[in-house]
Structure formats: structure tokens, C-alpha cells
Number of protein chains: 2
Amino acid sequence: MNSKNPVTIKDIAKKFKCSPSTVSRALNNHPLINEDTRRNIQEYAQKVNYQRNSVSLSLRNKKSATLGVIVPTLNHFHETAMIEGLQSVLQIHGYMLAICVTNESYLLEKQYIDKLLANRVEGVFLSVSQETYDSGHYEHLDDMSQRNIPLIFIDREYDGVPNSSITVDDYLGAFAATEHLIQRGCRRIAHLKGPNGLAVSEQRFRGYKECLAKHSLDFDEELIATTNFKAESAIVPMRRLMSLPKPPDGVFGVNDYVSIAAMQVILDLGFSIPKQVAVIGFDNSPFSAYVNPSLSSVNRSSRILGEEAARLFLNNMEGQTQQKEHIILPPELIIRDSTLT
Amino acid sequence: MNSKNPVTIKDIAKKFKCSPSTVSRALNNHPLINEDTRRNIQEYAQKVNYQRNSVSLSLRNKKSATLGVIVPTLNHFHETAMIEGLQSVLQIHGYMLAICVTNESYLLEKQYIDKLLANRVEGVFLSVSQETYDSGHYEHLDDMSQRNIPLIFIDREYDGVPNSSITVDDYLGAFAATEHLIQRGCRRIAHLKGPNGLAVSEQRFRGYKECLAKHSLDFDEELIATTNFKAESAIVPMRRLMSLPKPPDGVFGVNDYVSIAAMQVILDLGFSIPKQVAVIGFDNSPFSAYVNPSLSSVNRSSRILGEEAARLFLNNMEGQTQQKEHIILPPELIIRDSTLT
DNA sequence: TGATTTTTTGCAAACGTTTGCAGTGAATCC
DNA sequence: GGATTCACTGCAAACGTTTGCAAAAAATCA
């Protein structure tokens with residue numbers, strides 16, 4: 001019983017003095033099999049706790065029932081909620097998820113893709129790393145398309161390549177956030193943007209800028225500061241902003257982390273939120289409702305994003321449709337105390 | 001070039017009019033191979049972008065180079081940081097990580113374990129679900145030990161089973177947090193505990209209680225409230241606590257989410273933090289330094305926990321030592337404004 | 001009973017590797 | 001020049017399944 005090796009179909013065959021084929025058919029409820037043998041074999045298999053070896057199955061069927069998920073980090077609520085969404089749907093369809101964290105490195109991203117391909121995954125959800133985006137290289141993705149393995153861009157898109165993608169409309173979200181600040185009376189709105197070059201950063205930046213333009217507000221370069229998405233990285237820039245001759249009366253942060261760091265700086269310097277400075281973030285992280293003052297934010301429905309991405313993949317599989325889809329989910333403004341009028 | 005099927009060792013063999021064995025040896029730098037053939041084959045393999053099929057390798061070697069990670073959720077910083085830690089170490093050693101989210105369900109946990117076993121993973125890191133813990137069932141883990149597949153309890157332990165485990169000393173952390181509150185003058189300390197029965201909850205609860213005892217403070221049942229780790233679940237209980245005839249002057253929350261929710265309630269009701277009520281959380285989540293007031297917390301070095309867990313597994317593999325280890329990492333008190341004197 | 005159909009089973013190949021063993025030439029030795 | 005060594009290479013089996021095809025066994029028919 002405590003044999004190190006799991007019981008195989010051959011073991012069962014030996015026991016019943018029949019061929020492995022028969023066992024296989026019995027276990028798979030193949031129609032061409034005697035009812036009694038089927039029952040006997042199934043019962044015995046149950047008893048000895050037989051478990052089909054997925055590896056050999058994968059080899060034979062050239063299908064691994066495994067999908068790759070490549071993300072830059074797992075730091076943010078958005079990413080993990082996305083993965084939960086993916087898993088919740090794909091689990092039902094029998095897929096396993098191999099998670100890879102690139103830490104924004106191109107090299108790791110490439111290595112992971114190779115590895116996933118070597119493992120014969122049936123599809124990959126990719127949220128491109130910043131380095132990849134910066135470098136503009138995408139040769140490492142060629143193998144996937146050559147082998148007809150669905151590659152779905154999730155969350156972060158990569159304009160150069162024709163693949164299905166699902167993202168949240170960052171531009172729209174940023175536009176809405178900025179417009180909200182304007183409508184509540186802000187006239188000098190600072191933006192704590194994300195790393196340069198990254199699509200999310202630039203889309204949101206564009207949303208911010210174009211909203212200013214729409215409302216005939218001047219775009220002021222000195223109201224822009226760059227962060228790396230982490231709270232710490234917002235502190236120094238925010239101090240600078242607040243010590244300008246004309247400090248901002250509104251701040252749009254590229255995500256909630258930089259926004260709460262910004263709020264802290266603002267309050268520390270003796271300004272009031274939202275009275276003197278209104279602040280709005282992005283992501284609607286679980287903590288945003290509980291900071292003080294509670295933080296307005298742009299909700300991205302991260303979990304739904306994951307679920308939809310999973311469906312995108314499943315449709316692609318079922319229908320064998322090579323049609324590429326580009327889904328852009330609408331963001332949603334969540335208004336809280338930090339931008340109250 | 002855009003053949004759907006990846007190039008195999010046989011294809012190369014055909015090209016060179018040699019046997020697959022030779023190709024295999026050439027690619028694996030086997031000593032018994034002609035230098036020229038080796039070079040030629042390797043160059044060609046490179047050119048046609050040959051990638052070894054890990055599936056067949058797994059089948060032959062009975063080794064999948066894949067590890068399973070089972071967690072209840074991905075909601076908390078602690079869990080994701082842990083996974084990042086795992087991945088950062090294991091990636092170097094060529095392992096893939098299959099992530100499974102049980103959503104605290106026993107059934108899913110069981111299913112995932114079966115699935116991982118079917119996939120012939122070489123090891124599993126398990127953070128038991130609440131249901132599993134509640135039910136006391138652990139038969140679903142028997143297969144693993146019978147097959148000698150390392151099962152490592154990570155973060156959440158499961159007392160009944162003799163396996164390696166790595167956790168943070170929840171008891172100690174809770175004790176330290178409570179003691180800190182006492183030392184800064186709190187005398188009526190409430191505890192927002194986690195779900196009943198779950199080890200983490202109970203350990204922290206015990207740390208809290210025994211610390212009170214040590215300092216000869218009465219344990220008052222009415223100062224205890226149960227949450228489900230989520231912020232929302234702390235709100236109603238906290239309102240109750242603050243409307244007691246004698247409201248608490250200190251709150252120890254089972255994690256940072258419930259603690260920030262608690263802070264919000266406290267402030268909303270017009271009490272001041274930390275003057276009237278001090279609050280301390282658990283996890284040192286990235287946002288805890290940036291809420292207002294900043295939240296004292298117990299740091300769990302989550303990433304290091306993951307890294308150490310990975311090393312635990314690697315040692316187990318290398319040395320073939322069946323020795324079970326139980327690592328308990330010390331937590332660290334991070335003091336911020338919410339408990340200042 | 002013998003022929004025919006039906007039901008059930010087994011054979012063998014395949015998926016892509018690796019590896020012990022045997023075999024092939026060629027080089028070396030005496 | 002024949003025996004021995006040496007440097008390579010190929011054969012075949014193995015990992016655990018599935019499945020088309022053929023064969024066997026059982027059932028039906030005439």
C-alpha cells in the first residue's frame with residue numbers, strides 16, 4: 001500500500017489478466033466494453049485509488065490541460081484578483097494554471113515563455129513586462145503564434161502584435177477621474193504617472209491630458225511626476241508638487257498606492273483633503289474605502305477581467321475561430337471622501 | 001516554418017540520417033559523441049528552434065519539474081508575497097509553479113490535490129483551507145505521503161499531520177502586539193479575531209489572551225469580535241465595541257484590513273487614534289504605512305517565508321532526508337502612529 | 001450444424017524522450 | 001596482419017495512455 005509508485009493501468013490489467021486497452025476502455029466508459037468488466041475494473045480502480053497519469057495523457061493527446069499566466073508582479077490587488085478570476089473559470093474546465101512572475105524583466109519573460117512552450121501549455125495569458133514594452137522586442141512571442149498556441153494579452157497590451165487582448169480602458173478611466181476632479185472645482189490638477197513607456201501609464205496620462213484640453217485647462221509639465229507604482233516613489237515628487245508656488249488643488253494618482261502616499265504627504269504638510277486638495281486613485285483597491293479620508297478611485301473589475309479573459313480563451317478553443325478579439329472593459333468611477341465637494 | 005507541430009528529436013534525426021539517440025546525446029552534451037556531430041546537431045537544433053518536450057521528459061523521468069501551491073485566496077499581501085518568494089527561488093532551479101486557489105473550500109482543496117498528483121508534481125506547498133481545518137479531514141493528504149511526495153505546510157499549519165511546515169509565530173506576534181498596547185497604557189484591549197477554528201485565528205487569539213494574563217489584565221469576552229479577515233466584516237463588531245459602556249482603549253486586529261476598518265469606525269464615532277484608542281494590525285501590508293493615522297502592525301516577512309519554504313523543499317529533495325522540519329519565523333513589531341504614546 | 005452477425009477483447013503503434021547494451025568501423029598494438 | 005582497444009552510433013525498451021484494426025468469443029440465424 002505504501003508503494004512509492006502510483007498504480008497504473010497496467011497494474012490493473014495484470015490483476016484482471018486482461019490487456020491495458022480493456023482497462024483503459026473500462027475506465028473511460030467506452031461503449032464497446034462488457035458491462036460487468038467495466039464495473040469490476042472501475043470498482044477495483046477506485047479501491048486501489050487509481051489516478052490517471054496526466055503526463056502520459058498529455059504526451060499522447062498533445063494536450064496538457066495547462067495554461068500559463070505571466071504577470072510582472074503579484075503586488076497589486078488588480079493582478080491577483082485577475083488571476084482569481086481566471087482560475088475560477090478555468091478550474092471548472094479542468095485547466096491548471098502555471099503562474100510566472102517576471103518582475104518586469106524581459107529576459108525572465110522570454111525564459112518563462114520558452115518554458116511554458118516546452119511544457120506544451122495550451123495557451124498563455126500575458127501581461128507584458130515593462131522591459132519588454134520598452135525594448136519593443138516581441139520575437140519571443142513568435143513561437144507561440146507559429147504553433148498556433150493562443151496568446152492572450154491581459155491587462156497590459158502590446159500594440160505591435162496581432163493577438164486577442166483584454167484590458168480595461170485606461171484612457172477612459174483616467175479621463176473620467178480627471179473630469180470628476182474638474183467638475184468638483186479643481187483647476188490645477190497634478191498627475192502622479194506610472195513608469196514612462198508602459199502602456200497603462202501612457203494611456204492614463206493621455207486621458208488626463210486630453211481631459212484637461214477638453215475643459216480648456218492648461219497642461220502644466222511641472223504638475224507631472226513619475227512613479228514606479230509603489231507608494232514610496234510618490235513621496236518625494238508629491239512634496240515637490242505641494243511646495244510649488246501654486247500647489248495643485250487636485251491630484252490624480254496612477255494607482256491607489258501612490259495616491260495614499262500622496263494623501264499622506266498632503267496631510268503632513270498641513271493641507272486638507274478634499275477641501276484644499278482632492279485626490280483620486282486607480283484600481284479601487286480593497287483598502288481604498290478605509291483610508292482616511294476614504295479614497296475615490298477608478299474601479300477596474302479586476303476579477304471580471306480575469307473571468308472574461310478565460311472565456312476569451314475558451315471560445316477560441318471551442319470554436320477554433322482564429323478571430324482575434326479585443327475586449328476593452330469600461331472602468332467605473334468610485335467616489336469617496338477624498339474628492340467630495 | 002509555420003508548421004503547427006513543434007520540431008522533435010526525430011525530425012532532426014531524419015535530417016541528419018542518424019538515430020534519435022544520437023541527437024539526444026548531442027543535445028545533452030553526452031561525452032560519447034563526436035565533436036563534429038554534436039556541433040552540427042546543436043547548430044541545426046538552434047536554427048530550427050528545437051525545444052525539448054518537457055512532457056515526454058516528465059513521463060520518462062517520472063519527474064515533472066512542477067510544484068503545486070495551494071492557497072485559500074490571493075486576497076492578501078501576505079499570500080502573494082509568499083508566492084513571489086517561492087517563485088523567485090524555485091524558478092532558478094527550473095521548477096514551474098501551479099497555483100490553486102481553494103477559496104477556503106475543502107472540496108476544491110481535495111480536487112486540486114488529486115489534480116496535482118495526476119500531474120505528477122514533485123511537491124506541494126499547502127496552506128490549508130478553513131473548511132479543511134474545521135472538518136479535521138486529512139485523508140486527502142494521505143496519497144501524497146504514500147507516494148513520498150513532499151508536502152510542505154506553508155503559512156497555515158495543520159497540526160494533525162506529520163509534515164514539514166513553515167509558519168510565522170502567530171502566537172508570538174499577537175503577544176508582542178498586545179504587550180505593546182499594554183505598555184503604552186491600554187487597559188481595555190479589544191480583539192478583532194479571525195474565523196473560529198482556523199489556526200492563525202486561534203494562535204493570535206491565544207497570544208492576545210495570554211499576554212493579558214501575564215499582565216494581570218482581565219480577559220473580557222465582550223471585547224472579542226469575530227471577523228472573516230475582510231474589512232467589511234469588522235465594521236459592525238467595531239461599532240458594537242465602541243458603544244459599550246466602557247469602550248476599549250486599544251484594538252488588536254487579526255490583520256490590517258480589519259484594523260483599518262476598525263480605525264475608520266473609531267474615527268467616525270468621534271474618538272481619536274491613538275489618544276483615546278490605539279490600534280494595531282497584523283501583516284504590515286504595503287498600505288499600512290500610508291493610512292491615516294499610519295497603522296502599527298506585525299510584520300511577517302512574507303516573501304522570506306516563501307523563499308525559506310522553497311529552500312525547505314530543495315533541501316528535502318537534495319539530501320533525500322526524510323527529516324521533517326518545522327520552521328517558525330519570528331514576527332516583528334512595526335510601530336507607527338496608531339499606537340504612539 | 002454451420003454460417004453470420006454481434007459483442008467483447010487484444011495487438012500494436014503512437015506520443016517524444018533517454019539510456020544500457022550491443023554493434024560498427026577505425027585506429028592501435030605487438 | 002590479426003588481435004585488441006577505442007570512439008562512436010544504433011537498437012530497443014521504457015515511461016503510461018489511447019485507439020484503429022483485427023481477432024476471438026459469444027450469440028443469433030437459417
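Here is how names work: the chains are called A, B, and so on, in the same order as the sequence lines, proteins then strands, and each is numbered from 1. The basis for the numbers below is simple: all heavy atoms, side chains too, and nothing from hydrogens, waters or symmetry mates.
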So what does [X] hit on the nucleic acid, given a heavy-atom distance under 4.0 Å: a base, only sugar-phosphate, or nothing?
X	answer
B:T8	sugar-phosphate
B:I33	sugar-phosphate
A:R25	base
A:S58	nothing
A:S24	base
A:F16	nothing

### Task
Compute the ring centroids of B:F125 and B:F153, then answer whether they are less than 6.0 Å apart.
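No, too far apart.
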
What about the rings of B:Y133 and B:Y106, do their centers lie closer together than 6.0 Å?
->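 No, too far apart.
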
Item to complete: In plain terms, say whether A:E307 and A:R303 are close enough for a salt bridge, that is, a side-chain N and a carboxylate O under 4.0 Å apart.
Response: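 Answer for the salt bridge query: yes.
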
Can you tell which of [options] lies closest to the side chain of [X]?
X	options	answer
B:S19	C:dG16, D:dC11, C:dT18	D:dC11
B:S56	C:dT17, D:dT19, C:dT18	C:dT17
B:K62	D:dC15, C:dG16, D:dT18	D:dC15

Value in whole Å for how far the [atom2] atom of [N] lies from [atom1] of [X]:
X	N	atom1	atom2	value
A:L32	D:dT18	CG	P	15 Å
B:L57	D:dG16	CG	C1'	15 Å
B:N61	C:dT19	CG	C1'	11 Å
B:H30	C:dT17	NE2	P	17 Å

